[in-house]
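Some notes on the structure that comes next.
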Amino acid sequence: MKRLIACFLFTAVFLTSIILIPNNQIAFAAGKKVVVIDPGHGAGGNSGYELQSPDSNITKIKDGGGTQGVATGVPEYAVTLKVANKLKALLEQNNFTVIMTKTQDSEAPGNIERAEVGNNNNADLVIRLHCDGIDNQNITGASMLVPAPVGYASSISGVSAEYGQTILDSLVASAGMNNKGVVQRSDLTGFNWSKVPVVLVEMGFMSNPQEDRLLNDDSYENKLSQGLCSGIVKCLNKTKLGWNQNNVGWWYCTDVDNGYYYTADNGWKAINGQWYVFNASGYALENTWYTDSNGHKYYLDSDCMRVNGVKDKPRWMHINGSDYAFNEEGQLYVDCTTPDGYKVDKNGVYIIDKEK
């Protein structure tokens, strides 16, 4: 009897630890999201041909070489790569994983090849960097191209348009430039082969002498990269109140404006009648054991919820080849006979048949 009582004991100390809600919530350290940066064009271009869309027979040249500055004579690919490197550094400072489709001016991969970099890395966003050129030298400003619902892009056109608008607004505010708006395109190979959100920003007109010089100015390029980074951060770090999920796991937002989330400091949290534990980075524990400060062991299942039985009826679970029983408070039965008559050893593992 004493052993059974010990198995069921749920101390006042433990009750206090799970009922009190600490006020010292800390900002959540988000899991790294993946951004692919695609600096447009390359020296010499690429004269090969590729399909415009996976469901089309239309072929297009892989890289026509891009435009060049009417005043500076600098090629587009040189500008896009410089801004790409600046943007990469800023995004990495903001805890993003950044992958480049190219790192040298001499590289000129095709558009399908560039799209596959995003697809293969399950990117949260692919941003393609370009500069514009037109016969009218008076035209200035930035525009954002986004995919129409064509080819693989059918499923990501909506979110791409949303991201494109946010990033464009941030860019023009940072650089103080003309906003030429968001344009949907169905004829861009790099869009039509993308399975992940993708946008293409035209950062200004190299056919306009003044904008061409700005595009080749280091301080202006810093403004461009800062504006793009701010927009990307705003898009990909967007959260909602309550449960959110990313490629690392589930987390629970308690304050969208200030970025506060449940963490390990908050102890057990009761949410909609279920109990959860969060780690130091803010992710709910799942498919794992948890031991509290009193030595009691618990198990968090695939839904991140604490496993528990009901009064006098343990919850049995088969975990990693062994059977375990949990009481109504979720504690693992150890070194005792469970209320339904089974013995478990000091590690909580079922050891013999039910007692006669």
Side-chain angles (χ1 to χ4, degrees), residues 30 32-41 76 79-101 111 114-115 117-119 121-132 140-149 153 155-186 188 190-192 194-206 211 214-215 220-240 246 256 259:
K32 287 190 174 183
K33 294 186 177 181
V34 177
V35 176
V36 170
I37 302 176
D38 180 26
H41 301 292
E76 178 182 355
V79 176
T80 61
L81 186 57
K82 284 192 293 182
V83 176
N85 285 325
K86 291 175 181 288
L87 177 58
K88 178 178 185 291
L90 291 175
L91 288 172
E92 288 175 341
Q93 290 173 18
N94 281 272
N95 201 38
F96 288 90
T97 294
V98 181
I99 299 169
M100 302 274 281
T101 61
N111 293 290
R114 293 171 187 257
V117 175
N119 294 342
N121 288 282
N122 195 28
D124 294 281
L125 173 69
V126 174
I127 181 163
R128 307 176 65 195
L129 306 183
H130 284 259
C131 299
D132 237 329
T140 65
S143 60
M144 183 68 73
L145 310 185
V146 298
S155 63
I156 48 89
S157 58
V159 67
S160 297
E162 178 186 339
Y163 287 174
Q165 185 68 67
T166 299
I167 296 169
L168 179 62
D169 291 344
S170 178
L171 172 67
V172 298
S174 177
M177 64 199 307
N178 183 30
N179 188 336
K180 295 185 65 63
V182 176
V183 180
Q184 192 177 75
R185 293 283 292 271
S186 63
L188 299 185
F191 283 173
N192 298 337
S194 183
K195 299 176 183 178
V196 297
V198 57
V199 299
L200 186 155
V201 59
E202 298 281 7
M203 299 181 290
F205 284 82
M206 300 190 78
E211 201 152 69
L214 284 173
L215 287 166
Y220 188 76
E221 290 172 350
N222 287 338
K223 292 179 181 179
L224 294 176
S225 59
Q226 288 164 359
L228 293 171
C229 179
S230 296
I232 292 170
V233 169
K234 187 174 182 180
C235 290
L236 299 187
N237 281 357
K238 183 183 295 184
T239 61
K240 62 183 179 181
N246 60 22
V256 172

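Atoms considered below: every heavy atom in the structure, side chains included; atoms not considered: hydrogens, waters and symmetry mates.
Side-chain atoms of Asp132 never come within 3.5 Å of backbone atoms of Glu202 as a donor-acceptor pair (strictly under, hydrogens ignored). A distance-only check finds no donor-acceptor pair linking the side chain of Asp38 to the backbone of Thr101 [under 3.5 Å]. No donor-acceptor pair under 3.5 Å is formed between the side chain of Glu76 and the backbone N or O of His130. A donor-acceptor pair is defined here as one N or O able to donate and one able to accept, closer than 3.5 Å; such a pair exists between the side chain of Asp124 and the backbone of Val34. With hydrogens and angles ignored, the 3.5 Å screen pairs a side-chain donor or acceptor of Ser230 with a backbone N or O of Gln226. Side chain of Asn192 to main chain of Ser186: a donor-acceptor pair is present (N/O by atom type, distance under 3.5 Å, no hydrogens or angles).
In this structure, the separation between CG on Leu125 and CD1 on Ile232 is 5.5 Å, given to the nearest 0.5 Å. Remark: Cys131 SG to Glu211 CD distance equals 9.0 Å, nearest 0.5 Å. Taken from CG in Leu224 to SG in Cys229, the straight-line distance is 13.0 Å, to the nearest 0.5 Å. If you take CZ on Arg128 and CE on Met144, they are separated by 12.0 Å, rounding to the nearest 0.5 Å. Between Leu188 atom CG and Leu200 atom CG the span is 6.5 Å, to the nearest 0.5 Å. Rounding to the nearest 0.5 Å places CG of Leu171 at 8.5 Å from CE of Met203.
The shortest side-chain heavy-atom distance between Lys180 and Val172 does not fall under the 4.5 Å cut-off. Counting only heavy atoms from C-beta outward, the side chains of Ser194 and Asn119 approach each other to under 4.5 Å. You'll find the side chain of Ser225 stays beyond 4.5 Å of the side chain of Lys88, heavy atoms only. Side-chain contact check for Gln93 versus Leu90: some heavy-atom pair is nearer than 4.5 Å.
Of all heavy-atom pairs between Phe191 and Leu145, the closest is CZ-O, 3.3 Å. When all heavy atoms of Ala153 and Ala148 are compared, the pair lying nearest together is CB-O, 3.9 Å. Heavy atoms only, all atoms of each residue included: Gly141 and Met177 are closest at C-CE, 4.1 Å. Summarising the geometry of Phe96 relative to Val233, their closest heavy-atom pair is CE1-CG2, 3.7 Å, with the distance given to 0.1 Å. The minimum heavy-atom distance linking Gly40 with Thr80 is given by the pair O-OG1, 3.0 Å.
Among residues at least two apart or in separate chains, there is no salt bridge (Lys or Arg N to Asp or Glu O under 4.0 Å) pair with a member in residues 223-232.
Scanning for side chain to side chain donor-acceptor pair (under 3.5 Å) contacts around Lys86 gives Asp218, Asn222, with sequence neighbours left out.
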Using distance only, find each side-chain donor-acceptor pair of residues 159-167 under 3.5 Å and give its atom names and separation, not counting sequence neighbours.
| residue | atom | partner | partner atom | Å |
| --- | --- | --- | --- | --- |
| Ser160 | OG | Ile156 | O | 2.6 |
| Ser160 | OG | Val198 | N | 3.1 |
| Ser160 | OG | Val198 | O | 3.4 |
| Glu162 | OE2 | Lys238 | NZ | 2.6 |
| Gln165 | NE2 | Asp169 | OD1 | 3.0 |
| Gln165 | NE2 | Asp169 | OD2 | 3.4 |
| Thr166 | OG1 | Glu162 | O | 3.2 |

